[in-house]
Visitor: 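For reference, the structure I am asking about is given below.
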Amino acid sequence: MIVVMSPSATKAQVTAVRRTVEAHGLQAFVSVGQERTVVGVVGTDVEQVANIGSLDGVEQVIRVTQPYKLASAEHHPERTRVVVGGVPIGQGEELVAIAGPCSVESRQMLLDTARWVRHEGARMLRGGAFKPRTSPYAFQGLGRPALELLAEARAETGLPVVSEVTDAADVELMGSSVDVLQVGSRNMHNFVLLRAVGQSARPVLLKRGFGATIEEWLMAAEYVLSSGNSDVILCERGIRTFETATRNTLDLSAVPLLRRHTHLPIAVDPSHGTGQRDLVAPMALAAAAAGADALLIEVHPDPPNALSDGPQSLSFPEFGALMDELRRLQFVRNGAAAAGDGAAVGREAVAARDGAAAGRGGSASRAPAPPVRELRGRIDQVDRRIAALLQERAALALEVQEARGLDRHGHDVARERELLEQAAQASGGPLEPEELTAIFGAILRASRSAQRRRAEAHVLDRREP
Ligand code: PEP
Ligand code: MN
């Protein structure tokens with residue numbers, strides 16, 4: 001049951017509602033929003049307070065049909081924002097990328113990865129210390145030493161850390177060294193663990209059980225919330241279906257559905273959701289478009305040699321390209337230098353390492369240094385020259401078309417192939433042959449479009465009136 005107080009309700013009236021609820025042996029969860037206060041009533045027989053609507057200051061009493069109450073959007077009309085080490089997730093905040101290795105394998109690989117993902121704009125670091133593996137013979141994680149390494153990576157980069165807790169007995173230990181306790185898919189139904197993380201002061205990232213319905217998942221969240229921890233982030237990570245082409249079936253419809261039913265922030269993990277490296281970026285972008293508040297992405301310095309989940313881990317350049325796409329589509333606005341409010345140490349470290357490049361994309365709040373401004377001015381000039389040259393080239397292509405005869409169809413395919421081959425061989429600059437080939441491919445396609453428009457106009461001109 002949810003008791004909605006009127007906007008003008010006084011504190012004393014809210015207290016009276018809470019006391020009445022508690023006097024009946026029920027629990028009252030008071031949630032103070034910007035406009036109004038809402039009291040969630042939880043217990044086995046909430047009908048005992050069926051008449052609570054007659055108390056002063058109560059506007060409405062909603063009987064909840066869903067079995068979850070505290071997780072319900074009705075209980076909390078405003079979406080929840082969970083703040084992790086200064087990084088806000090949910091309630092209209094920009095998308096947060098949480099990235100790092102599946103497992104912490106060594107100090108060096110963790111620090112390299114943490115530096116890289118931060119450099120590319122991730123706002124939080126992930127890394128497994130205790131790994132719940134299907135096989136008892138598989139790498140089980142480094143355990144406690146990994147927690148120390150995660151703490152070191154956090155101290156250097158300023159990135160808050162997410163790591164999975166697999167045992168209720170470890171909650172306190174983990175809570176003292178990581179910022180977010182992850183409950184993994186295999187443990188979503190471990191009610192002892194859910195209650196234990198519910199008593200922790202740390203936010204919880206609750207992954208969807210691979211065989212769990214959305215309602216069961218929200219009931220698992222309800223365990224954490226009703227144990228006293230209101231900082232729960234849900235994480236869709238794929239469910240098991242009859243499809244075997246992917247490791248799991250990433251249920252992206254869960255994102256807008258959850259937005260309808262719950263106020264809790266929503267993360268998506270396309271790494272476990274697909275199990276395949278080349279599917280991760282497209283599904284990450286789709287998750288962002290569907291309204292995810294955060295992404296959980298596995299990144300490894302050498303995926304083929306990873307001790308766990310190599311096939312789904314992005315390499316450093318692949319993660320960089322994904323972040324570029326997320327920025328281009330404006331799901332992410334921050335650059336490396338803007339990440340993390342409490343990241344002063346890391347910010348300096350990154351700035352020192354990256355030199356002038358640290359200004360890239362992170363310049364929203366600061367004007368770029370004079371040399372950066374000057375270089376960007378030169379880039380603008382080059383871009384203008386390229387645009388003029390492209391128009392000149394397309395105009396020549398139209399002249400060729402006129403000379404060839406507008407009725408005749410036919411490009412010189414051999415010449416085009418030669419051009420692409422030449423482009424692929426051009427060396428002496430920072431672009432790779434494939435990148436040059438892609439650019440010339442796009443130029444050729446654009447030229448052909450211009451020719452097609454011209455030919456179409458010619459056909460229409462000659463049509464009988
Ligand atoms: C993980 O994120 O490291 C993990 C094991 O994920 P899941 O619980 O979703 O399988
Ligand atoms: Mn993994």
Side-chain angles (χ1 to χ4, degrees), residues 96-105 109-110 113 117 122 124-136 138-143 146-147 149-150 161-167 170 174 178-190 193-194 197 203-212 214 216-217 220-221 224 232-241 246-252 254-255 266-277 279-280 283-284 287 292 294-315 318-319:
V96 171
I98 308 171
C102 176
S103 318
V104 177
E105 297 173 11
M109 71 78 75
L110 181 67
T113 312
V117 300
M124 286 170 67
L125 176 67
R126 65 149 289 149
F130 300 96
K131 296 303 300 177
R133 304 302 298 281
T134 306
S135 164
F139 177 58
Q140 304 285 307
L142 296 180
L147 297 179
L149 297 175
L150 286 165
V161 165
V162 189
S163 196
E164 177 167 353
V165 55
T166 53
D167 188 333
D170 290 339
M174 299 269 307
V178 309
D179 302 275
V180 177
L181 298 170
Q182 176 173 324
V183 174
S185 185
R186 288 153 198 80
N187 271 316
M188 192 212 82
H189 283 297
N190 181 340
L193 184 62
L194 293 174
V197 296
V204 173
L205 182 89
L206 177 60
K207 289 202 148 189
R208 180 179 187 175
F210 55 74
I214 288 180
E216 287 165 337
W217 185 15
V224 182
V232 177
I233 302 161
L234 299 164
C235 181
E236 164 61 40
R237 49 78 69 202
I239 48 176
R240 188 160 286 176
T241 66
T246 44
R247 181 176 176 183
N248 289 288
T249 297
L250 186 65
D251 179 10
L252 283 186
V255 178
I266 304 155
V268 171
D269 170 354
S271 306
H272 293 87
T274 62
Q276 294 177 40
R277 181 171 315 132
L279 303 185
V280 171
M283 296 317 281
L295 294 172
L296 190 70
I297 310 277
E298 288 188 340
V299 179
H300 194 282
D302 181 16
N305 289 306
L307 296 182
S308 60
D309 287 348
Q312 69 194 33
S313 298
L314 298 188
S315 65
E318 285 164 343
F319 179 68

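Everything numeric in this text was worked out from a predicted model, so none of it was measured. Atoms within each ligand, like the ligands themselves, are counted from 1 in listed order. Heavy-atom basis, side chains included; hydrogens, waters and symmetry copies ignored.
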Visitor: Any donor and acceptor pair, going by atom type alone, linking the side chain of Ser308 with main-chain N or O of Cys102 inside 3.5 Å?
Guide: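 Not at all, since once roles are kept as given, no pair shorter than 3.5 Å links the two residues.
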Visitor: Keeping the roles fixed (side chain from Ser163, backbone from Gly127), state whether a donor-acceptor pair exists under 3.5 Å.
Guide: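 Between the backbone of Gly127 and the side chain of Ser163 there is a qualifying donor-acceptor contact (under 3.5 Å).
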Visitor: State whether Lys131 and Asp309 are salt-bridged, where the test is any N-O pair (Lys NZ or Arg NE/NH1/NH2 against Asp/Glu carboxylate O) under 4.0 Å.
Guide: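 The answer is no: the pair does not qualify as a salt bridge.
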Visitor: Hey, is the main chain of Pro101 close enough, under 3.5 Å, to the side chain of Arg126 for a donor-acceptor pair?
Guide: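 Yes.
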Visitor: Work out which heavy atom in Met188 is nearest to a heavy atom in Ala220; give both atom names and the distance.
Guide: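 Minimum heavy-atom separation between Met188 and Ala220: O-CB, 3.6 Å.
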Visitor: What is the total of protein N/O/S atoms that are closer to the Mn ion (ligand 2) than 2.8 Å?
Guide: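 The number of such protein atoms is 4.
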Visitor: Please produce the table of protein N or O atoms sitting under 3.5 Å from N or O atoms belonging to ligand 1, one pair a line, distance to 0.1 Å.
Guide:
from     : atom 1 : to     : atom 2 : distance (Å)
ligand 1 : 2 (O)  : Arg126 : NH1    : 2.8
ligand 1 : 2 (O)  : Gln182 : NE2    : 2.9
ligand 1 : 2 (O)  : Lys207 : NZ     : 2.8
ligand 1 : 3 (O)  : Arg126 : NH2    : 2.8
ligand 1 : 3 (O)  : Lys131 : NZ     : 2.8
ligand 1 : 6 (O)  : Lys207 : NZ     : 2.9
ligand 1 : 8 (O)  : Ser185 : N      : 2.7
ligand 1 : 9 (O)  : Lys207 : NZ     : 2.9
ligand 1 : 9 (O)  : Arg237 : NE     : 2.6
ligand 1 : 9 (O)  : Arg237 : NH2    : 3.4
ligand 1 : 10 (O) : Arg186 : NH1    : 2.9
ligand 1 : 10 (O) : Arg237 : NH2    : 2.8

Visitor: Strictly distance-based, threshold 3.5 Å: is any side-chain N or O of Glu236 a donor or acceptor partner for the main-chain N or O of Gly238?
Guide: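 Checking the backbone N and O of Gly238 against the side chain of Glu236, a donor-acceptor pair under 3.5 Å is found.
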Visitor: Which atom names give the shortest non-hydrogen contact between Arg277 and Pro303, and what distance separates them?
Guide: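 Heavy atoms of Arg277 and Pro303 come nearest at NH2-CB, 3.3 Å.
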Visitor: Do any N or O atoms from the side chain of Ser313 and from the backbone of Val299 form a donor-acceptor pair under 3.5 angstrom?
Guide: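 A pair under 3.5 Å: no.
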Visitor: Please confirm whether the backbone N or O of Glu298 pairs with a side-chain atom of Ser271, one donor and one acceptor, at under 3.5 Å?
Guide: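 Present.
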